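Each remark here refers to the structure printed beneath this line.
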Protein chains: 2
Amino acid sequence: MLDRELKKGSAELLILSLVETRARHGYEISKMIEARSGGTLKFNVASLYPLLYRLEKRGWIEGHWLEKAGQKRRRCYKLTKEGRKILKAQRTTWQSFVAAINQIAGLDNA
Amino acid sequence: MLDRELKKGSAELLILSLVETRARHGYEISKMIEARSGGTLKFNVASLYPLLYRLEKRGWIEGHWLEKAGQKRRRCYKLTKEGRKILKAQRTTWQSFVAAINQIAGLDNA
DNA sequence: AATAATATATCGCTATGTCACATATAACAT
DNA sequence: ATGTTATATGTGACATAGCGATATATTATT
């Protein structure tokens, strides 16, 4: 696992990105992050669930309970209109950030 | 300025990178970060100085006081042998981190 | 019957960036 | 002379957010 501190600030971008195309629940998001990063990134549930609540409270995602026979209850979150704006802005911010670090750390052609 | 949280974890990489080629003092490092990032990144002195002490305590950088006539006293830091190893590792970590985020956030071709 | 995978939840801890403030010298303008 | 800005270092209190550990409970697998 990467340095804990590196992850701060990128979590929101990850969550918002993952619920961009369709609604997903917490556990699914957690597994997707792990899988898509090839194990490089892993979000502890003690970070993930509170983060989902924060994002919902801010109106960037919207959750609803899903109860199906033969499944545990899940809370599925989808991106709101406001969330879509924020996601766009966060992508830009992320890219500026990476560019700045690469520039300073001499990783431009790395 | 970027999201405060994004910066956590990248600060060490920045400092170590900047003292890689030659010794520099805190104020100089602070100005370089601001200049090289085109103003995108700015480190508060209240983050920078304590970070320098931490890095020195860990033996990754080595500082010494420089007193010249016509100049305020400065504490110049240079990368140690150990620091050089750490810097190499942190560059790799950083690149893995960025690759993972880009992969998950759908920014591969952005 | 036991174990693992699924799914959500939270307390206490820790790390680290920031705000605001403090000190002090050198350079420059008025 | 006086004031302002840039240089240069330093710190106490605070806020944020990820993590380890732990908890609960259902479904699937062995």
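What you see is a predicted model, and the numbers here were worked out from it, not measured in a lab.
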Which whole-number value in Å describes the distance from [X] [atom1] to [N] [atom2]?
{"X": "A/Lys8", "N": "C/dG17", "atom1": "NZ", "atom2": "C1'", "answer": "9 Å"}
{"X": "B/Glu67", "N": "C/dA26", "atom1": "CD", "atom2": "P", "answer": "11 Å"}
{"X": "B/Lys68", "N": "C/dA26", "atom1": "NZ", "atom2": "C1'", "answer": "15 Å"}
{"X": "A/Leu41", "N": "D/dG18", "atom1": "CG", "atom2": "C1'", "answer": "12 Å"}
{"X": "B/Ile33", "N": "C/dT18", "atom1": "CD1", "atom2": "P", "answer": "10 Å"}
{"X": "A/Phe43", "N": "D/dG20", "atom1": "CZ", "atom2": "P", "answer": "12 Å"}
{"X": "A/Leu55", "N": "D/dT16", "atom1": "CG", "atom2": "C1'", "answer": "14 Å"}
{"X": "A/Lys57", "N": "D/dA17", "atom1": "NZ", "atom2": "P", "answer": "12 Å"}

Next item on the list: Let me know, please, whether A/Arg54 or A/Gly70 comes out on the 5' side of the other along DNA chain D by nearest nucleotide.
Entry: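 Counting from the 5' end, the first nearest nucleotide belongs to A/Arg54.
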Tell me every residue that passes salt bridge (charged side-chain N to carboxylate O under 4.0 Å, His left out) with A/Arg75, counting only those two or more places apart in sequence or in another chain.
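Scan of A/Arg75 (salt bridge (charged side-chain N to carboxylate O under 4.0 Å, His left out), adjacent residues dropped) gives A/Glu56.
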Just wondering, do [Y] and [X] contact through their side chains at under 4.5 Å, heavy atoms?
{"X": "B/Leu52", "Y": "B/Ile29", "answer": "yes"}
{"X": "A/Ile61", "Y": "A/Leu16", "answer": "yes"}
{"X": "B/Val98", "Y": "A/Trp94", "answer": "yes"}

Which class fits the ring pair B/Tyr27 and B/His25: parallel under 30°, tilted 30 to 60°, perpendicular over 60°?
->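 Parallel.
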For residues 82-90 of chain B, run the donor-acceptor check on the side chains, cut-off 3.5 Å, and write out each pair with its distance to 0.1 Å, sequence neighbours left out.
residue	atom	partner	partner atom	Å
B/Gln90	OE1	B/Leu13	N	3.3
B/Gln90	NE2	B/Glu12	OE1	2.8

Given protein heavy atoms under 4.0 Å, the one-letter contact record of nucleotides 3-12 of chain C, with B base, S sugar-phosphate only and - none, is simply ---BBBBBB-
